[in-house]
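What follows is one structure encoded as C-alpha cells, with my remarks underneath.
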Amino acid sequence: MKAVCWYGAGDLRVERAPDPEILNPHDAIVRVTRAAICGSDLHLFGGFIPMMKSGDILGHEFMGEVVEVGAATTAVKRGDRVVVPFAIACGQCFFCQRELPSLCDNTNPNAGTLEKLYGASGSGVFGSSHLYGGDAGGQAEYVRVPFADVGALKIPEGVDDEQALFLSDILPTGYMAAENCTIRSGDVVAVWGCGPVGQFAIRSAYMLGAERVIAIDRFPERLHMAETHGKAEVLNDEDLDAVEELRDRTGGRGPDACIDAVGMEAHGTGVAALYDRAKQAVRLETDRPTALREALHACRKGGTVSIPGVYGGYVDTLPLGAAFAKGLTIRMGQTHVHRYMRPLLNASSAARSIRPS
Amino acid sequence: MSLVGGSLLLVFGLSRGGRSGALAALGGGALIYRAARGRSLLYDALGLREEPTHVARVASLAHCRGVTVRRTVAINKPVEEVYAFWRAFENLPRFMRHLESVTCDGPRRSRWVARAPAGRRVTWDAEIVDERPNELIAWRSLDDADIRNAGAVAFERGPGGRGTTIRVSLAYAPPGGKFAAVIAKLFGEEPSQQVQDDLRRLKHLMEAGEVPTTEGQPRGES
C-alpha cells in the first residue's frame with residue numbers, strides 16, 4: 001500500500017509500505033476512504049515530539065470501510081463504513097469505565113516510557129510518536145484498528161463522509177474544549193487560535209449557551225472564517241494586546257472562560273515570545289506557552305481556562321500566581337473522542353448546525 | 001522494614017544453603033509475606049489492628065548482591081478472578097516475559113522454565129509455602145535450584161470496590177559462575193522495571209483480554 005511516512009523533522013513522504021495485518025483478536029483492518037491532517041501532525045512534522053522513528057506512518061483522523069476483523073471482534077463487521085477515534089481505548093479499564101477513554105490503561109504498548117516521563121501513560125494514539133504507542137496511522141490506504149468494537153463508530157446512511165470524518169478528533173476536540181468551560185447562559189468566551197479546533201470550539205461555545213465568543217489569531221483569513229461562519233467577534237493579536245483588549249471589551253472583568261486552542265507552538269510577540277523561542281531552540285524549554293499565559297492573565301476571577309492545545313513537556317514563566325489569585329479552574333487533556341462521537345454525529349446530522357465542509 | 005529485613009534474611013538464607021540457611025530463608029519469606037500483606041501475623045493472632053505499612057524501596061540491598069523487587073499494580077477486576085488467574089501458575093508466562101513455562105506437579109509443587117541467553121533454558125522446582133485464597137500466595141524454589149528465588153503476591157480489594165490491588169515481592173539469591181550472566185539477562189539492569197512491565201502485561205490481559213502491540217505492523221520503506 002501507499003502511506004504518508006515520517007523520515008525526520010521536515011521530511012514526510014508518500015512511500016510504499018506492507019499492508020497491515022491483524023495482530024490481536026480485537027483488531028480490525030480498515031480501508032481508508034478519507035483522512036485529515038491535524039495540527040498535532042505539524043508538531044510531528046516540526047520534530048517537536050520525541051520518539052518518532054524513520055518510516056512511521058502518520059494520520060490519526062480517518063474513516064473507511066472495514067475489510068477484515070480479528071477473532072474477538074464482534075460489533076464491527078466487514079463492509080461497515082466507520083469513523084475511528086484518534087485515541088485507542090479498551091473499554092474495560094478504570095478510565096474507560098469512567099468515560100475517560102483517552103486515558104485508557106491498556107492500549108499503549110510503550111506505556112513504561114511515558115510512565116517515566118509523566119508518571120502515568122494515557123492511551124495509545126494512531127500515527128503519533130512511539131511515546132503514545134506508535135500505532136501506524138490512517139494517512140494510508142489501510143490501517144489496523146485495535147479494539148475496533150470499542151472505537152469504530154458505524155456511520156448511518158445519509159451522513160456523508162466529510163461530515164463523519166471530523167468526528168475522529170477535531171470536532172469532539174473543539175466541543176470538549178467548550179464543554180470544559182462549563183458555560184452558563186450569557187457567558188463571554190475567548191478562544192485563542194482559529195484553526196480547526198478553535199473554529200469548532202467557537203461554534204460549540206455558542207451551542208452550549210455562550211452569548212459572546214471572541215476569537216483571537218494573527219491570520220486574517222482564519223479570523224475572517226471565525227467571523228463569517230462562527231459569528232465570533234475577532235481580535236488580531238498582532239495589532240492589539242489581547243489581554244488589554246479583552247478587558248476593555250468585557251468592562252474590565254475579563255472573559256468568563258478562555259480556551260487555548262494553540263498549544264505548544266504558539267507564535268507570540270514581544271519579550272516573552274523571544275525568550276520562549278530562544279529556550280526552545282536550545283531545548284531548555286520544550287513548549288512555547290504564549291496563548292496559555294495570555295489566557296491565564298485575561299480570564300475573569302473564578303473563571304475557567306480550558307486547554308485543548310497540545311503541550312508535551314515543560315513551560316516557563318507561567319503566571320500561576322495570577323491563576324491562584326483569581327481562583328481559576330484549569331481543565332485540559334486529550335479529547336475523550338469516544339464519549340462525543342455519537343451525540344455529535346446526531347447533532348451534526350440532525351440539526352446540520354455544524355457542517356465541516 | 002519487614003520487606004527489607006525479610007529480603008536480607010531470605011537472600012542470606014538462600015545463599016548459605018543447608019538447614020540454617022533454609023530457616024533463615026523461610027524467616028525472610030515470612031517477613032516478605034508480612035510486607036506484602038501490610039500487617040503482621042503476630043498482630044493478627046493478638047487481634048490487634050495495625051496501620052498498613054508502606055515499605056520503602058529496597059535500594060539498600062545493592063551491597064547484598066541479591067536482587068529484590070517489590071512492585072504493585074491495580075487491576076480493574078474482582079479479587080477472586082485475579083487470584084485464580086495467578087494461582088494457576090501456568091498463566092505466569094503469559095505476562096512474565098522471561099518465563100517460558102510453569103507446570104504444576106500437585107497442589108503445591110511446580111516446575112519453572114526460564115529463557116536464558118543463547119537459546120539456553122534454566123529450570124527449577126518451586127513449592128508454595130503459604131496461600132490464603134484471595135489474599136496471598138507465597139512460593140520459593142527448592143534447595144537444588146540453580147537460581148534460588150522466592151516470591152509472594154498479596155491481593156487486596158481496591159477501595160470502594162475498585163477492582164484489586166496486587167503487591168508482588170520477588171527475591172533472587174546472588175547467583176555465581178555461569179548463572180551470573182543468566183540473571184543479568186533475565187532481570188537486566190532494572191529488574192524493578194521488568195517486573196513493572198510484567199505486571200502491566202498482567203493488567204492488560206486481565207482487563208482488556210490482550211496485550212497491546214505494534215510488532216509486525218507496517219512502516220514505510222526507505
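Convention: sequence-line order gives letters A, B, ...; per-chain numbering from 1.
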Which atoms of [X] come close to chain B, meaning under 4.5 Å heavy atom to heavy atom: side chain ones, backbone ones, both, or neither?
X	answer
Asn110(A)	neither
Gln92(A)	both
Ala136(A)	both
Arg16(A)	both

Answer with side chain, backbone, both or neither: which region of [X] has an atom nearer than 4.5 Å to a non-hydrogen atom of chain A?
X	answer
Gln196(B)	side chain
Gln193(B)	side chain
Arg201(B)	neither

### Query
Should Lys203(B) and Asn106(A) count as side-chain neighbours, where that means a heavy-atom distance under 4.5 Å?
yes
### Task
Under 4.5 Å, counting heavy-atom pairs only, tell me which of Met1(A), Lys116(A), Arg13(A) racks up the most with chain B.
Lys116(A)
### Message
Are there residues of residues 76-91 of chain A whose heavy atoms fall under 4.5 Å of chain B's heavy atoms? If so, which?
### Response
Cys90(A)
### Message
Do Arg98(A) and Phe94(A) form a cation-pi contact, if we require the NZ or CZ to be under 6.0 Å from the six-membered ring centre and within 45 degrees of the ring's axis?
### Response
yes
### Query
Do Tyr7(A) and Glu15(A) get their side chains close enough for a donor-acceptor pair, meaning under 3.5 Å?
no
